[in-house]
Protein chains: 2
Amino acid sequence: MKIKPEYCKVHDALSILVGKWKPIILLYLMSEGTMRYGELKKALVGITPKMLTNQLRELEEEGLINRKLYPEVPPKVEYSITEYGMTLKPILDSMHEWSMQHKKRKLEITMD
Amino acid sequence: MKIKPEYCKVHDALSILVGKWKPIILLYLMSEGTMRYGELKKALVGITPKMLTNQLRELEEEGLINRKLYPEVPPKVEYSITEYGMTLKPILDSMHEWSMQHKKRKLEITMD
DNA sequence: AGATATAGTATCCAAAAAGATACTATTGGA
DNA sequence: TCCAATAGTATCTTTTTGGATACTATATCT
């Protein structure tokens, strides 16, 4: 059997999660429900505005999050997870679970 | 609550799976048990030897796969999944499952 | 009139990941 | 002696991703 990465289902799911800040943003919105741009910026220590906007836009394009712009000045923008975005929760959970179970592994190994 | 990507558990798990060919290699070894370098090379359409070696080394360093060198000429090297590598199966499964359920989504959306 | 708050843009630069292509070591066999 | 087979290396280039830093628009408030 031969295969290309693009034909791999796992690769498909993985690729929409890849991005330095994407998983955290999704997790935040999943638990907080809705957050403003500025709140996210404060929460995500070290993120630049460019990166934040970029990651949000990509998540939005995938249909995973919602962007709601209030026509006020100064501007107000709220981000929230979509129903579709919520379907990723089992995946994120399984990764969280795995990391919790194996977080000590590297330490154990290097202690040999 | 503030957070950096490196402190995110999901990010931890994700990062060891990221690499263009890593998921496929893991899936192959999980199902085939053991494969030689040349077999992998044939299976992974379009991969360069450099990339194959690189991905294998990184997986090996993480302890996810095993490299067994037979001291023969021409050389023979067999790769196999480790027990630890197998613990990733639930994650890969959940991603596969998700992709199967949502593979039509983009098409549906763009058809509006 | 000038400062303030918010959600971004615009540029330029550095680092990391991936791709193309050619090359190597070894030795048993023709 | 030269070739084939296997599992890689070595180099160089391109693409992608991320980082630093400065700037903007605009109604409201003072």
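Each chain gets a letter, A, B and so on, in the order the sequences are listed, and its residues count up from 1. Every value quoted in this text rests on a predicted model; they were computed, and no experiment measured them.
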Begin from the C-alpha positions of B:Lys20 and A:Glu6 and carry the test side chain to side chain contact (heavy atoms under 4.5 Å, CB included) through to its verdict. CA-CA 9 Å; B:Lys20 186 162 179 187; A:Glu6 312 86 51; 4.3 Å; yes
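When each of A:Met35, A:Glu39, A:Arg67, A:Glu32 is tested with A:Tyr79 by the rule side-chain contact (heavy atoms from CB on, under 4.5 Å), just one qualifies, namely A:Arg67.
Formation of a donor-acceptor pair under 3.5 Å by the B:Thr82 side chain with backbone atoms of B:Gly63 is found in this model.
B:Val45 and B:Ile25 sit in two unconnected hydrophobic clusters of ILVMFWY residues. Membership requires side-chain heavy atoms under 4.5 Å apart, directly or through other members. Taking hydrophobic clusters as Ile, Leu, Val, Met, Phe, Trp and Tyr residues chained together by side-chain heavy-atom distances below 4.5 Å, A:Tyr7 shares a cluster with B:Trp21.
Contact between A:Met86 and A:Ile81 at its shortest, heavy atoms only, is N-CG1, 3.9 Å.
Not counting sequence neighbours, the partners of A:Lys22 by the side-chain contact (heavy atoms from CB on, under 4.5 Å) test are A:Gln55, A:Glu58, A:Leu59. The side chain to side chain donor-acceptor pair (under 3.5 Å) check on B:Glu78 picks up B:Tyr70, with sequence neighbours excluded. Applying the side chain to side chain donor-acceptor pair (under 3.5 Å) rule to B:Asn66 yields no partners; only residues at least two apart in sequence or on another chain are considered.
The nucleotide range of DNA chain D contacted by chain A, defined by atoms under 4.0 angstrom from heavy atoms of the protein and reported 5' to 3', is D:dG18 to D:dA27.
Residue B:Lys41 is classed as having no contact, given no heavy-atom separation below 4.0 Å to the nucleic acid. Here A:Tyr70 lies out of heavy-atom contact (under 4.0 Å) with every strand.
In this structure, A:Arg36 does not reach the C:dT6 phosphate: none of its side-chain N or O atoms is under 4.0 Å from OP1 or OP2.
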Under the 3.5 Å Watson-Crick or G-U criterion, the dot-bracket string of DNA chain D, with | for inter-strand pairs: ||||||||||||||||||||||||||||||
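Ranked by how close their nearest DNA chain C nucleotide is to the 5' end, A:Arg57 and A:Pro74 are led by A:Pro74.
Taking 4.5 Å as the limit, some side-chain heavy atom of B:Ile65 sits within range of a side-chain heavy atom of B:Leu26.
Distance CG (B:Leu69) to P (C:dT26): 14 Å, rounded to an integer number of Å.
Note: B:Met95 CE to A:Lys9 NZ = 13.5 Å, rounded to the nearest 0.5 Å.
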Can you tabulate the close N/O pairs, meaning under 3.5 Å, that link protein atoms to atoms of nucleotides 16-19 of chain C?
unit_1 : atom_1 : unit_2  : atom_2 : d
C:dA18 : OP1    : B:Lys20 : N      : 3.1
C:dG19 : OP1    : B:Lys20 : NZ     : 2.4
C:dG19 : O6     : B:Lys50 : NZ     : 2.3

